[in-house]
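Report on the following structure.
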Amino acid sequence: MVIKANGYAVWELLQRELDDRFKATGHQNMYFPLLIPQSFLHKEAEHVEGFSPELAVVTVAGGKQLDEPYVIRPTSETIIGHFFAKWIKSWRDLPVLVNQWANIVRWELRTRMFLRTTEFLWQEGHTAHSHHDEAVQEVRRMLNVYAEVAEDVMAMPVIKGVKTQAEKFAGALQSYSIEAMMQNGFALQAGTSHDLGQNFGKAFGVQFQNKEGQLDHVWQTSWGVSTRLIGGLIMSHSDDKGLVLPPKLAPAKAVIVPIFGKGPEKGGVLEAAHRIAKELGARVDDREGQTPGAKFFHWERRGVPVVLEFGPRDLASGTIVLKRRDTGGKQSMPLAELAEKLPALLGEMQKNMFDAAKQRLKANTVLANSIGEVESVLNEVTAEKGGGKFVMAHVKDDPRCDQRVKEFKATIRCIPLVDEYDGPGKCIVTGEQVDRRAVIAKAY
RNA sequence: CGGGGCGUAGCGCAGCCUGGUAGCGCACCUGCCUUGGGCGCAGGGGGUCGUUGGUUCAAAUCCAAUCGCCCCGACCA
């Protein structure tokens with residue numbers, strides 16, 4: 001995977017937003033090995049079963065066959081469990097709250113740009129607690145952090161919920177996720193937070209002596225988001241002209257395109273443009289040999305929130321032309337007002353983009369009361385054709401239900417934490433009573 | 001692994017049927033001109049036609065083999 005400069009700058013902004021929040025909730029960053037002894041994976045039965053098909057394995061190193069192969073980390077629960085066992089002895093050592101920023105490898109059969117790449121960048125939080133309820137609190141706390149970043153920073157509305165047992169993380173008791181809707185109506189799992197129970201604690205012998213003097217296994221959590229978020233960002237907001245970035249994640253908030261010929265006006269225009277740019281913290285596209293038109297398209301395609309045109313006419317009248325990327329609206333305004341108005345405008349754009357995405361999510365969410373109804377809504381939907389929906393239906397957390405929905409290539413995305421609909425009802429597959437509707441959709 | 005398709009310049013493609021100087025658009029380089037939404041004009045550089053073998057006076061083109069890639073199905077943050 002290669003992430004070029006513009007995309008990486010977006011990732012860095014996103015990292016900062018996340019990392020600040022991790023620190024604010026008491027977590028510290030650490031780093032763990034890239035190569036994990038293969039036997040570690042085998043210590044947790046469900047975990048190895050879930051990840052084996054997509055492991056890349058190192059069998060030769062230093063010019064000779066290894067006695068025990070290493071796997072390139074697909075996720076780090078196992079190696080971190082190994083170290084937790086060394087570090088944790090007493091209830092006084094708990095909780096342990098760590099996060100790692102790293103790259104991982106999962107050998108998927110089919111890859112898709114940003115959404116499913118063989119290698120990807122992510123962060124993985126790993127925590128250990130003395131009690132289950134404290135671990136569950138942590139799981140939910142971090143899910144909320146993810147939802148906040150998705151909505152407030154990425155302007156991407158999400159549904160917080162619990163994954164079905166069939167869809168949960170391999171080795172978890174329960175997985176939580178935030179699910180976003182892309183413009184084609186497809187669901188994107190944008191972040192996950194797992195209650196690992198004592199599964200890894202037992203597998204790796206992470207034991208501590210509690211206040212009562214007894215040995216107990218720790219309760220662990222793990223949670224992660226990845227460069228997939230960039231894919232989600234692109235597919236939430238972009239249009240036919242290219243990327244549309246929410247101001248908070250735009251590496252350049254505003255770019256000035258100066259307009260000048262070879263005449264005497266050139267010096268004045270450039271000088272003023274640089275002065276304005278300095279005041280705003282914007283950049284001037286003063287490249288030679290490119291027409292203004294080409295520059296407008298260049299920045300539009302890169303999703304820059306505000307492009308400012310400044311030419312001889314503006315220089316004479318003390319004005320500037322401003323174009324916003326989200327609506328495409330163009331207006332001329334007095335130069336004197338620009339510095340004051342720009343921050344407010346960026347704030348408005350941020351909100352506007354979220355509102356538009358939220359509106360789309362609402363408009364494409366439907367209720368269904370039979371499996372046939374769900375199927376008829378989703379059956380013909382493809383990523384390319386679009387028309388996807390979030391179908392809210394009563395469905396039990398039972399592998400048979402996941403299986404039935406899979407017949408038309410949809411999945412049960414999550415059971416929402418907050419029921420915004422009509423409460424309990426009968427499962428559309430098994431007929432059993434369930435307490436709320438779940439989200440069924442086609443997903444990336 | 002089952003079904004479908006494609007390999008010709010950095011990218012996208014035509015040429016192949018009917019064998020005879022390898023072409024177009026974009027990108028790139030030089031010069032002039034232009035600059036308020038992808039400027040224009042002129043000139044230029046760049047290709048063992050996936051590979052190997054065969055047929056032929058002659059193969060991108062016909063034949064055979066082979067390699068690679070893409071799309072659709074079973075796995076997935």
Side-chain angles (χ1 to χ4, degrees), chain A residues 1 49-55 73-77 102-125 146 163 166-170 172 175-180 187-194 222-232 241-242 255-263 265-266 269-270 273 285-301 307-317 319-323 325 328 330-332 382-385 402-403 406-409 411 413-414 442-444:
Chain A
M1 175 177 69
E49 192 190 333
F51 281 101
S52 282
E54 51 194 67
L55 292 178
R73 63 179 164 224
T75 179
S76 302
E77 276 76 10
N103 56 339
I104 65 177
V105 166
R106 295 184 187 176
W107 214 266
E108 303 284 356
L109 266 60
R110 294 177 77 76
T111 59
R112 199 188 261 268
M113 190 82 75
F114 281 116
L115 301 184
R116 190 170 301 106
T117 45
T118 300
E119 177 182 6
F120 55 98
L121 306 184
W122 77 343
Q123 60 68 219
E124 45 182 326
Y146 289 157
K163 298 302 266 190
E167 292 278 331
K168 72 179 181 185
F169 176 77
S175 288
Y176 294 68
S177 75
I178 51 172
E179 300 285 331
L188 184 75
Q189 180 173 301
T192 47
S193 187
H194 312 292
S222 69
W223 28 274
V225 296
S226 73
T227 38
R228 166 179 263 200
L229 286 179
I230 298 175
K241 293 173 186 158
V255 171
I256 300 178
V257 175
I259 295 155
F260 51 80
K262 274 193 173 154
E265 79 283 0
K266 179 177 172 183
V269 166
L270 272 177
D285 184 354
D286 55 6
R287 287 174 297 167
E288 301 279 348
Q290 289 264 46
T291 60
K295 292 177 182 177
F296 292 142
F297 279 97
H298 178 84
W299 297 111
E300 190 166 56
R301 178 154 42 192
V307 173
L308 299 156
E309 308 180 23
F310 187 77
R313 296 206 297 263
D314 301 291
L315 184 62
S317 60
T319 58
I320 193 161
V321 176
L322 179 154
K323 183 167 184 188
R325 181 65 180 85
K330 204 171 178 176
Q331 55 170 312
S332 178
T382 67
E384 290 67 32
K385 281 190 296 188
D402 293 276
Q403 197 52 46
K406 257 194 171 167
E407 286 174 20
F408 47 95
K409 299 184 185 74
T411 44
R413 301 311 303 160
C414 70
K442 288 210 171 161
Y444 280 112

Legend entry - Distance, P atom - from G7(B) to G50(B), rounded to whole angstrom: 8 Å
Inset, instruction - Specify the residue among K295(A) and G261(A) whose closest nucleotide of RNA chain B lies further upstream toward the 5′ end. - result: G261(A)
Inset, instruction - Would you indicate what Q189(A) reaches in the nucleic acid, counting non-hydrogen atoms under 4.0 angstrom: base, sugar-phosphate, or nothing? - result: sugar-phosphate
Legend entry - Salt bridge present between E300(A) and K295(A) (N-O < 4.0 angstrom): no
Inset, instruction - Under 4.0 Å between any heavy atoms, over every strand shown, what does V257(A) touch: base, sugar-phosphate, or nothing? Just pick one. - result: nothing
Inset, instruction - Both distances under 3.5 Å, Watson-Crick or G-U wobble: report the partner of U21(B), or none. - result: none
Inset, instruction - Take the protein atom CZ of R301(A) and the nucleotide atom C1' of C26(B), then report the distance between them rounded to whole Å. - result: 12 Å
Legend entry - Side chains of R228(A) and L188(A) in contact at under 4.5 Å (non-hydrogen atoms): yes
Inset, instruction - With sequence neighbours left out, write down each residue that passes side-chain hydrogen bond (donor to acceptor under 3.5 Å, both in side chains) with T319(A), or none if nothing qualifies. - result: D314(A), S317(A)
Inset, instruction - Answer yes or no: is there a side-chain heavy-atom contact under 4.5 Å between P74(A) and L55(A)? - result: yes
Inset, instruction - Classify the nucleic acid contact of F260(A) as base, sugar-phosphate or nothing, counting any heavy atom under 4.0 Å across all strands shown. - result: base
Legend entry - Touch class at under 4.0 angstrom, heavy-atom based, for L115(A) against every strand present: base
Legend entry - Rounded distance (Å) that lies between atom P of A77(B) and atom CD of Q123(A): 15 Å
Legend entry - Pairwise P distance for U21(B) and A58(B), with rounding to whole Å: 15 Å
Legend entry - Any K330(A) side-chain N or O less than 4.0 Å from OP1/OP2 of G36(B): no
Inset, instruction - Using both distances under 3.5 Å as the test, list the Watson-Crick or G-U wobble partner of G73(B), or none. - result: C1(B)
Legend entry - Pairing nucleotide - U30(B), Watson-Crick or G-U, each distance under 3.5 Å: A42(B)
Legend entry - Closest-nucleotide ordering on RNA chain B, the 5'-leading residue of E108(A) and Q290(A): Q290(A)
Legend entry - Donor-acceptor pair between S177(A) and Q189(A) side chains, under 3.5 angstrom: no
Inset, instruction - Could you tell me the separation between the CG atom of D314(A) and the P atom of G36(B), rounded to a whole number of Å? - result: 13 Å
Inset, instruction - Quickly work out the W122(A) CH2 to A77(B) P distance and round it to whole Å. - result: 10 Å
Legend entry - Pairwise P distance, C29(B) and A65(B) [rounded to whole Å]: 46 Å
Inset, instruction - Check each of H194(A), K168(A), K163(A) against S175(A) using the side chain to side chain donor-acceptor pair (under 3.5 Å) test, and report the only one that passes. - result: H194(A)
Inset, instruction - Under 4.0 Å between any heavy atoms, over every strand shown, what does T117(A) touch: base, sugar-phosphate, or nothing? Just pick one. - result: base
Inset, instruction - For residues T75(A) and F51(A), determine if any side-chain heavy atom of one lies less than 4.5 Å from a side-chain heavy atom of the other. - result: yes
Legend entry - Distance between P atoms of G47(B) and A22(B) (Å, rounded): 13 Å
Inset, instruction - Can you tell me, in whole Å, how much space there is between the C1' of A9(B) and that of C28(B)? - result: 11 Å
Legend entry - Spacing between E288(A) atom CD and G31(B) atom C1', to the nearest angstrom: 16 Å
Inset, instruction - Would you mind classifying the nucleic acid contact of P292(A) as base, sugar-phosphate or nothing, using non-hydrogen atoms under 4.0 angstrom? - result: base
Legend entry - Nucleotide of A77(B), A74(B), G36(B) approaching T192(A) most closely (side-chain heavy atoms): A77(B)
Legend entry - Nearest-angstrom distance, P atom, C63(B) to A77(B): 47 Å
Legend entry - Contacts of Y146(A) that satisfy ring pair (Phe, Tyr, Trp, His ring centres under 6.0 Å) - sequence neighbours left out: none
Legend entry - Side chain K323(A) and base G37(B) donor-acceptor under 3.5 Å: yes
Inset, instruction - Could you check which nucleotide pairs with C62(B) in any of the strands shown, counting Watson-Crick or G-U wobble with both distances under 3.5 Å? - result: G54(B)
Inset, instruction - Determine which nucleotide pairs with G7(B), using a 3.5 Å limit on both distances of a Watson-Crick or G-U wobble pair. - result: C67(B)
Inset, instruction - Measure from the side-chain heavy atoms of K406(A) and tell me the nearest of G36(B), G38(B), C75(B). - result: C75(B)
Inset, instruction - Could you give the distance separating G19(B) and C24(B) at their C1' atoms, to the nearest angstrom? - result: 22 Å
Legend entry - Aro-ring/base stack F120(A)-A77(B), d under 5.5 Å, angle under 30°: yes
Inset, instruction - Find the distance K262(A):NZ to G36(B):C1' and express it as a whole number of Å. - result: 19 Å
Inset, instruction - Please state how far atom CG in L308(A) lies from atom P in G36(B), giving the value in whole angstrom units. - result: 17 Å
Inset, instruction - Using atom CD of E124(A) as one end and atom C1' of A77(B) as the other, report the distance to the nearest whole Å. - result: 12 Å
Inset, instruction - Go through A74(B), G36(B), A77(B) for me and flag the one nearest to the K409(A) side chain. - result: A74(B)
Legend entry - Interatomic distance at C1', G54(B) relative to A59(B), whole Å: 11 Å
